[in-house]
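Heavy atoms only: backbone and side chains are in, while hydrogens, waters and symmetry mates are out.
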Amino acid sequence: MTETALTVHQTARPHGFPTADHFAFVESARPEPTPGTALVENLYWSVDPYHREMMDGDFALHAPLEGRTLGRVIESRDPAFTEGEIVFHRQGWRTHAVVTRDEARPVPRFDGVPLSAHLSILGGTGLTAYVGLTRIAELRSGQDLFVSAAAGGVGTATGRLARLMGAGRLVGSAGTAAKAAYLTERVGYDEVFDYHAGPTADLLPKAAPDGIDVYVDNVGGEHLEAAISSLREFGRIVRIGTLAQYNATGAPYTLRNLPDIVEKSLRMEGFLVSNHRDVQEELYEFVVPHLRSGRVGLDETVVEGFERIVDAFLGMLRGENVGKMIVRASGRA
C-alpha cells in the first residue's frame, strides 16, 4: 500500500482554453482516517465539461479539485463503511480521500456490468441524459430528437436511452466524420452531421427535413439557434451545457430567433442533475437489464493512470473522447 498521496491543484485562472500549466500535482503523506470517516483509495476518476466552468472561479486555487470518483475503502473508522467495499464520492482529482458517510455512498455491483459504468451511463452522465429525457423533455414514443455534442458522454447516453424509449428520428452533431460514423453504426443515431462541414443552420434541416420535437442542448450558440428554427410547435429544449462558450474569450453568441419560442409555443428548461438524485434507482432498473443483455453498450474513452488526469481533461475539452472520458488507476482491469 502506497504511503504517499497525489492531488491535483488548480494554480491559475485560464483565459480561454486551459493548459497543463494551470495545474500542479502535489505529493503528500497518505491521509489518515479519523473517527467517523474512512480512507478511500481511488480507482476511477471522471473528468467532465463542467470542470472547465468551475475553473473560472468555483474551484479554489492551490487546493484539491472536486470530481466524481470511485474508490475502495482501505481503512474504516466508521461501521457504515466496510473495508474493501467500493464507494462513490466527489473528492476526485486525488489518489486518496478521507470521507464521511454523508460524502460517500456504496456502489451496487451488477453482475456482468463493469465498474466504470457507474461513472458513465449509470452515473451522473447517464442520470443527466435520463432526467433530461424523462423529466424535462417528457419524451414520448415516436418523437424526433436532435442532440448536440452527440459523441460526448451525455450525448451517447442520450442516444442510447432515447432509442430504448422508442424515439423516432434521432439526429446528432459531432466534431468529426469518424465520430458521426460511430454514432450511427453503434449508438443508434439515424443521422449525424459534422458541424465543421458548414453552418448548423444549413446542416440541421438537411439531417431533419421534417423538423424535430426535442432538442437536447449540450452546446448552445448557433446549435441552439438552429434547433429553435427546426423545432415543431410545442417543441421542447433541454438545456444541459454550453460547450460553445466554455473557452470563449469574446462576447457570447446572440440568438436571433428568440421570437420563435413564443410563436411556436416552445418550452426551454435547464436543470442540475444534483436535484434529481431520487431518480438514481429508477435509472438502474431501466438500464441495467439492457447492459447485461448487450442491447446497450458502454461508450467510454478510458485513460490509464492518475498521472494522466490533466491530459484526459484537456483532451476531453478538445473532443478527443468518444463517450464518457474516464481515468483509471494503473493496473486496474
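- Cluster membership for Val288 and Val296, using ILVMFWY side-chain heavy atoms within less than 4.5 angstrom, is shared.
- For Tyr130, the ring pair (Phe, Tyr, Trp, His ring centres under 6.0 Å) partners at least two apart in sequence or on another chain are Phe286.
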Under the side chain to side chain contact (heavy atoms under 4.5 Å, CB included) criterion, do Thr156 and Lys324 qualify, and how do the steps go?
-> CA-CA 8 Å; Thr156 50; Lys324 182 74 188 72; over 6 Å; no
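- In this structure, the side chain of His196 engages the main chain of Gly175 through a donor-acceptor pair within 3.5 Å.
- Residues Tyr284 and Pro108 approach most closely at CE1-CG, 3.6 Å, considering heavy atoms.
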Is there a side chain to side chain contact (heavy atoms under 4.5 Å, CB included) between Arg292 and Val113 once you walk through the steps?
-> CA-CA 7 Å; Arg292 285 173 164 163; Val113 178; 4.1 Å; yes
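- Taking all atoms of both residues into account, the shortest heavy-atom contact from Ser173 to Ser148 is OG-CA, 3.3 Å.
- How far CG of Leu170 is from CD of Glu191: 11.0 Å, rounded to the nearest 0.5 Å.
- Across every non-hydrogen atom of Val214 and Ala137, the tightest pair is CG1-CB, 3.8 Å.
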Do any side-chain atoms of residues 268-277 form donor-acceptor pairs under 3.5 angstrom with protein atoms, and if so which ones, sequence neighbours left out?
from: Glu269; atom 1: OE1; to: Arg267; atom 2: NH1; distance (Å): 3.1

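- Residues in residues 124-133 take part in no salt bridge (Lys or Arg N to Asp or Glu O under 4.0 Å) pair, two or more places apart or across chains.
- Scanning all heavy atoms of the two residues, the minimum distance from Asp190 to Arg163 falls at OD2-NH2, 2.9 Å.
- Listed by first then second residue, pairs satisfying side-chain hydrogen bond (donor to acceptor under 3.5 Å, both in side chains) with a partner in residues 114-128 read Ser116-Glu300, Ser120-Glu300, not counting sequence neighbours.
- Using a 4.5 Å cut-off on side-chain heavy atoms (C-beta onward), Ser141 and Met165 make no contact.
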May I have the list of side-chain donor-acceptor pairs in residues 179-186 shorter than 3.5 Å, sequence neighbours left out?
from: Lys179; atom 1: NZ; to: Gly319; atom 2: O; distance (Å): 2.3
from: Lys179; atom 1: NZ; to: Asn321; atom 2: O; distance (Å): 3.3
from: Tyr182; atom 1: OH; to: Asp299; atom 2: OD1; distance (Å): 2.5
from: Thr184; atom 1: OG1; to: Ala180; atom 2: O; distance (Å): 3.2
from: Thr184; atom 1: OG1; to: Ala181; atom 2: O; distance (Å): 3.1

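- Judged purely by atom type and a 3.5 angstrom limit, Ser293 uses its side chain to pair as donor or acceptor with the backbone of His290.
- Sorted by first and then second residue, the salt bridge (Lys or Arg N to Asp or Glu O under 4.0 Å) pairs involving residues 310-321 (not counting sequence neighbours) are Arg318-Glu320.
- With no hydrogens or angles considered, a side-chain donor-acceptor pair links His89 and Asn42 at under 3.5 Å.
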After noting the C-alpha distance and the side-chain angles of His96 and Leu39, does the key distance pass the side chain to side chain contact (heavy atoms under 4.5 Å, CB included) rule?
-> CA-CA 7 Å; His96 298 77; Leu39 175 63; 4.1 Å; yes
Side chain to side chain contact (heavy atoms under 4.5 Å, CB included) assessment of Asp78 paired with Thr100 = CA-CA 8 Å; Asp78 185 324; Thr100 67; over 6 Å; no
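- When all heavy atoms of Asp194 and Ala177 are compared, the pair lying nearest together is OD2-N, 3.9 Å.
- Under the 4.5 Å side-chain heavy-atom criterion for grouping Ile, Leu, Val, Met, Phe, Trp and Tyr, Leu298 is not connected to Ile86 through any hydrophobic cluster.
- Hydrophobic clustering (ILVMFWY, side-chain heavy atoms < 4.5 Å, transitive): Leu255 and Val219 are in distinct clusters.
- To the nearest 0.5 angstrom, Thr242 atom OG1 is 12.5 Å from His223 atom NE2.
- Put simply, CG on Asn218 and CD1 on Ile240 are 5.0 Å apart, with the number rounded to the nearest 0.5 Å.
- For the pair Glu282 (side chain) and Val279 (backbone), a donor-acceptor distance under 3.5 Å is absent.
- Judged as a salt bridge (Lys or Arg N to Asp or Glu O under 4.0 Å), the pairs with a partner in residues 86-96 (not counting sequence neighbours) are, in order, Glu66-Arg90.
- Ala12 meets the side chain to side chain contact (heavy atoms under 4.5 Å, CB included) test with His22; sequence neighbours excluded.
- The distance from the CD atom of Glu32 to the OG1 atom of Thr37 is 9.5 Å, given to the nearest 0.5 Å.
- Atom OG1 in Thr69 sits 13.0 Å away from atom OH in Tyr44 (nearest 0.5 Å).
- Under the 4.5 Å side-chain heavy-atom criterion for Ile, Leu, Val, Met, Phe, Trp and Tyr, Val287 and Ile326 are members of distinct hydrophobic clusters.
- Nearest heavy atoms, Gly123 versus Leu283: O-CD2, 4.3 Å.
- A 6.0 Å sphere centred on NE2 of His15 holds no more than 12 heavy atoms belonging to other residues, nucleotides or ligands.
- There is a path of hydrophobic side-chain contacts, each under 4.5 Å, that joins Leu231 to Leu204.
- Evaluation of the side chain to side chain contact (heavy atoms under 4.5 Å, CB included) rule for Val73 yields Ala38, Val40, Ser76, Phe81, Glu83, Glu85, Val87 as partners, not counting sequence neighbours.
- Atoms CZ and CD, on Arg328 and Glu304 in that order, are 4.5 Å from each other to the nearest 0.5 Å.
- Glu225 places a side-chain N or O within donor-acceptor distance of the main-chain N or O of Arg256, the cut-off being under 3.5 Å.
- Residues in residues 206-219 take part in these salt bridge (Lys or Arg N to Asp or Glu O under 4.0 Å) pairs, two or more places apart or across chains: Asp213-Arg232, Asp217-Arg239.
- Members clustered with Tyr50: Leu6, Val8, Phe17, Phe23, Phe25, Trp45, Val47, Met54, Met55, Phe59, Leu65, Trp93, Val303, Phe306, Ile309, Val310, Phe313, Leu314, Met316, Leu317, Met325, Val327, by chain and number, using a 4.5 Å side-chain heavy-atom cutoff among hydrophobic residues.
- By the ring pair (Phe, Tyr, Trp, His ring centres under 6.0 Å) test, Tyr215 is found to be paired with Phe146, residues two or more places apart in sequence or in another chain being considered.
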